[in-house]
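Read through the structure below, which is laid out as structure tokens, and then see the notes.
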Amino acid sequence: MARQFLNERDLFRRKTSLTAMTTIPPNQSLYVRNLDEHVHKEELRRSLYYLFSQHGQVIDVVALKSMKMRGQAFVVFREIASATSAMRSLQGFPLYSKSLEDPVSIAYAKSKSNAVKIREGAYLGAGKPPSAAAPAIAAGPATPSGTKRPHDGDEEDGDAKRVRNEDGTEEQGETAGDEEGAGPTTENPPNRILFLSNLPTSVSEDMLAMLFQQYAGFKEVRLVPGKTGIAFVEYETDIQADTAKTVLNGFKLAPTVSMGVEFAKI
DNA sequence: AGCACA
């Protein structure tokens, strides 16, 4: 009589243990896969940092170009909850994905990142930490190229394909003032509306909001019905718009698509 | 697809 109940419990146990074995438990670190493989490492780290920081404090971004690890990255959060939130909302985001139909996939990492171990006080008495708490991307967006570490160990440009210059592919820059450093053409006077150009066709308002809402004064993103590739973003003041413009002009939502950000003409 | 960092 009691046999049936036992059987049910056994089944349940089996089921739960199977689930537990096949599921990766929550982790502060996210494993990001299916990234375009010839985006330069520092640029990749910077972009991932921008994007993921919107969900919580990112303490490190690890991207390696070794044969085994290319096209993948680890984004390390201080809190598991932030990692979970980022994983859910950035799943499939077309950032450096190989194509828009083949988006990046995000999962919890299988093991604990060094940056986390260090924070938790491992290595205290023991030997030397792997690195002095990798300073991630430093204090933030305002430093496009201002990262420490002249070269993080594995610059193996030699065997890994050829060194394609990352910007060489995008010749479609017909918008005024897109490339950093390129001589500013006719630039519109500062105002609170930004004009975005050269966007991937399938970009959504939500995706753009993710990028732009991290700067103070953000009000809204507006796609233009009937037109692809462009959008407007509104801030409360010209100054705030200018800040976002400076940081996000040239931001790549896909390997060959560098978004143009300029003041809208009024 | 591929789970590392020193």
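Side chains included, hydrogens not; waters and symmetry mates left out as well; all remaining heavy atoms used. Below, chain A is the first sequence line, B the second, and so on; all start at residue 1.
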Under a 4.0 Å threshold between the charged nitrogen and the carboxylate oxygen, would A:E236 count as salt-bridged to A:K219?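 A salt bridge is absent here (no side-chain N lies under 4.0 Å from a carboxylate O).
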Short N-O contact, A:E37 and A:K65, less than 4.0 angstrom: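 No, no charged N to carboxylate O under 4.0 Å.
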Atom-to-atom span, [atom1] of [X] to [atom2] of [N] - whole angstrom:
X     : N     : atom1 : atom2 : answer
A:L30 : B:dC5 : CG    : C1'   : 16 Å
A:L44 : B:dA4 : CG    : P     : 17 Å
A:K65 : B:dC3 : NZ    : P     : 20 Å
A:N27 : B:dC3 : CG    : P     : 14 Å
A:E37 : B:dA1 : CD    : P     : 11 Å
A:K41 : B:dC5 : NZ    : P     : 11 Å
A:Q28 : B:dC5 : CD    : C1'   : 15 Å

Where the side chain of A:F74 is concerned, which of B:dC5, B:dA1, B:dC3 is the nearest nucleotide?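 Selected nucleotide: B:dC3.
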Counting any heavy atom closer than 4.0 Å, what does A:K117 reach on the DNA or RNA strands: base, sugar-phosphate only, or nothing?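 Nothing: the residue A:K117, judged by heavy atoms under 4.0 Å, touches no strand.
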Stepwise, does the salt bridge (Lys or Arg N to Asp or Glu O under 4.0 Å) test hold for A:R45 with A:E43? CA-CA 5 Å; A:R45 293 180 72 220; A:E43 187 190 344; over 6 Å; no
A:S66 (side chain) and B:dA4 (base): donor-acceptor pair under 3.5 Å: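 There is none.
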Please tell me if A:K110 has a side-chain N or O lying less than 4.0 Å from either OP1 or OP2 of B:dA4.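 Checking B:dA4 against A:K110, no side-chain N or O comes under 4.0 Å of OP1 or OP2.
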Does the Lys NZ or Arg CZ of A:K265 fall within the cation-pi geometry relative to A:F195 - under 6.0 Å from the ring centre and within 45° of the axis?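 Negative - A:K265 is either too far from the ring of A:F195 or too far off its axis.
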